[in-house]
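This report concerns only the one structure given below.
It should be emphasised that the depicted structure is a prediction, and the values quoted were computed from it without experimental measurement.
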Amino acid sequence: MGGFNENTGAIAGNAIMTLTLVNWATSAQGKPLSLRLTRQEPPPVVPAREWRGEVLPNGPPARPQSSLPAPGTNELTVTVAEQLGAGRCGSVLAVDTLRLTDPNNPRIRLLYPQPPHLPELVIKIADAEHEDSLKHEAAIYNEMEPLQGVSIPRAYGFFTAELDPGTIVPSLASDASTTTSTPRRLSILLLERLGEMLPLGQKLPEEGDLWDVFRDLARLGIEQTDIRYSNILEAPTSQYTLPGQVCPFHGCVHSYRIIDFDSARKTDLTLKRHYYNTLGYLGPILEGMKNNIIHEPWDIKASTGTRPSAL
C-alpha cells in the first residue's frame with residue numbers, strides 16, 4: 001500500500017495527496033460545499049547566516065536525510081469540528097476523519113481511519129494573504145522530519161485550493177468579530193492533534209524534559225522565534241493518538257511538544273546561543289506559570305528591554 005509503513009500500518013507523512021473537507025464552506029446562496037485541496041511541496045528552508053557572535057564554524061547544520069517512502073496518492077476525507085485556536089497566521093481546527101482511499105488502488109479504503117494508521121488530526125488554515133507564512137511553516141516541519149512525533153507534531157502535508165467566486169469559508173482571522181471570509185485561495189497544514197495546555201499554579205512536571213525538547217530543535221539549527229505559553233503543549237495521550245517516538249538525541253519519549261513555526265528560522269547559531277535565546281523567554285514563562293500567570297512575549301519584552309524576532 002502506497003505510503004503505509006509495512007510493519008506498523010502507520011500512514012507516512014507524504015502519503016496523502018488530496019484532502020477533502022466535507023460541507024465546510026458554503027456558496028453565496030448558503031448551499032454547503034465540499035472543498036478539495038491538493039498537496040503542494042514547499043520550497044526548502046533557506047538558512048540564515050549570522051556571520052558574527054556565537055556561530056557554528058561550518059554554517060547551519062545540514063538537513064537530515066528523509067526516511068519517507070515515495071509519495072502516496074491517497075485521498076483523506078474529513079469533516080471540520082471545533083476551532084482550537086487562532087493566531088497571526090491563521091486558525092487551527094479539529095477534524096474528524098471519515099475515510100482514506102487511493103484512486104489508483106481500489107483495495108485501499110479505510111473508514112474512519114485511526115491508530116495505528118492515523119492519529120487525531122487538526123488543520124491550520126490560512127488565506128491568500130498568509131499563504132507564504134503557512135508554506136514556510138510546512139517547510140520547517142519538513143526540515144525537522146526526525147523530530148515529528150518526538151518534539152513537534154507529526155505533519156501530513158501542505159494543501160492548497162483555488163476557491164470559486166462567492167465561496168464562503170469560516171473566518172480565517174483571529175478577530176472574533178469577523179465570522180466569515182471570502183479568500184481566493186485557501187491553504188491548509190495537516191497536523192497531528194496534541195495534548196493539553198501546560199498546567200498553571202505549580203512547577204511544571206519534568207521541566208527538564210521541556211528544555212530538552214527545545215535543545216532538539218537547536219540541534220537541527222531551528223530557532224523558535226515565537227516562544228510563548230500557547231505554543232507549548234503536552235504530548236497527546238488520548239486513545240486515538242499514535243505513541244510518541246523515541247528522541248534521537250535523548251533516548252527517551254518526551255512529554256511536551258512545540259508548535260507554531262510560521263516565523264521560525266534555521267540558523268548557524270551554536271547550541272549555547274540557542275540556549276540563551278530560549279532562556280530569555282522560556283525562563284519567565286515557566287516562573288509565571290508557577291504563580292498562575294501567563295507571560296506573553298510582549299510582557300517579557302517590556303521587562304527585559306528585548307524584542308522577540310516574531311513580533
[X] versus [Y], closest heavy-atom pair with distance:
X    : Y    : answer
Y141 : I259 : OH-CA, 4.3 Å
L220 : P64  : CD2-CG, 3.8 Å
I294 : D299 : O-OD2, 4.1 Å
R273 : E54  : NH1-OE2, 3.0 Å
S133 : C89  : CB-SG, 3.8 Å
V246 : V150 : O-CG2, 4.1 Å

Could you state the interatomic distance from [atom1] ([X]) to [atom2] ([Y]), rounded to the nearest 0.5 Å?
X    : Y    : atom1 : atom2 : result
R36  : T18  : CZ    : OG1   : 4.5 Å
E207 : L198 : CD    : CG    : 10.5 Å
T77  : D96  : OG1   : CG    : 13.0 Å
I108 : E75  : CD1   : CD    : 13.0 Å
I11  : L110 : CD1   : CG    : 6.0 Å
E223 : L269 : CD    : CG    : 5.5 Å

Can you check whether [X] reaches [Y] side chain to side chain, under 4.5 Å on heavy atoms?
X    : Y    : answer
S151 : I258 : no
F249 : P146 : no
V169 : D127 : no
S187 : K135 : no
R193 : Y240 : no
L217 : H274 : no
S238 : E120 : yes
L210 : L286 : yes

_Applying side-chain contact (heavy atoms from CB on, under 4.5 Å) to L35 and I188, what does each step give before you reach the verdict?_
CA-CA 11 Å; L35 301 179; I188 286 182; over 6 Å; no
Does any N or O in the side chain of [X] come within less than 3.5 Å of the main-chain N or O of [Y], such that one atom is a donor and the other an acceptor?
X    : Y    : value
T225 : S263 : yes
S34  : N23  : yes
N14  : P69  : yes
H136 : A264 : yes
H295 : I285 : no
N142 : P44  : no
E192 : G149 : no

_Applying side-chain contact (heavy atoms from CB on, under 4.5 Å) to S230 and M197, what does each step give before you reach the verdict?_
CA-CA 7 Å; S230 58; M197 306 284 285; 4.0 Å; yes
_Quiz question: by atom type and distance under 3.5 Å, do the side chains of T267 and E50 form a donor-acceptor pair?_
no
*asked:* Whether the R185 and T160 side chains hold a donor-acceptor pair (N or O, under 3.5 Å, no angle test) is what I'd like checked.
replied: yes
Transitive ILVMFWY side-chain link [X] to [Y], under 4.5 Å:
X    : Y    : value
F159 : L163 : yes
M17  : F158 : no
W211 : Y256 : yes
Y276 : I222 : yes
L33  : V80  : no

[X]/[Y] ion pair, N-O < 4.0 Å:
X    : Y    : value
R228 : D260 : no
K124 : E137 : yes
D216 : R219 : no

*Step-by-step side-chain contact (heavy atoms from CB on, under 4.5 Å) determination, D212 to C252*: CA-CA 10 Å; D212 284 343; C252 65; 5.8 Å; no
*asked:* Is it the case that atom CZ in R109 sees more than 12 heavy atoms from other parts of the structure closer than 6.0 Å?
replied: no
*Report, as yes or no, whether the 6.0 Å neighbourhood of atom CD on E82 holds more than 12 heavy atoms from other residues, nucleotides or ligands.*
yes
*Stepwise side-chain contact (heavy atoms from CB on, under 4.5 Å) test for I232 and V213*: CA-CA 10 Å; I232 306 169; V213 167; over 6 Å; no
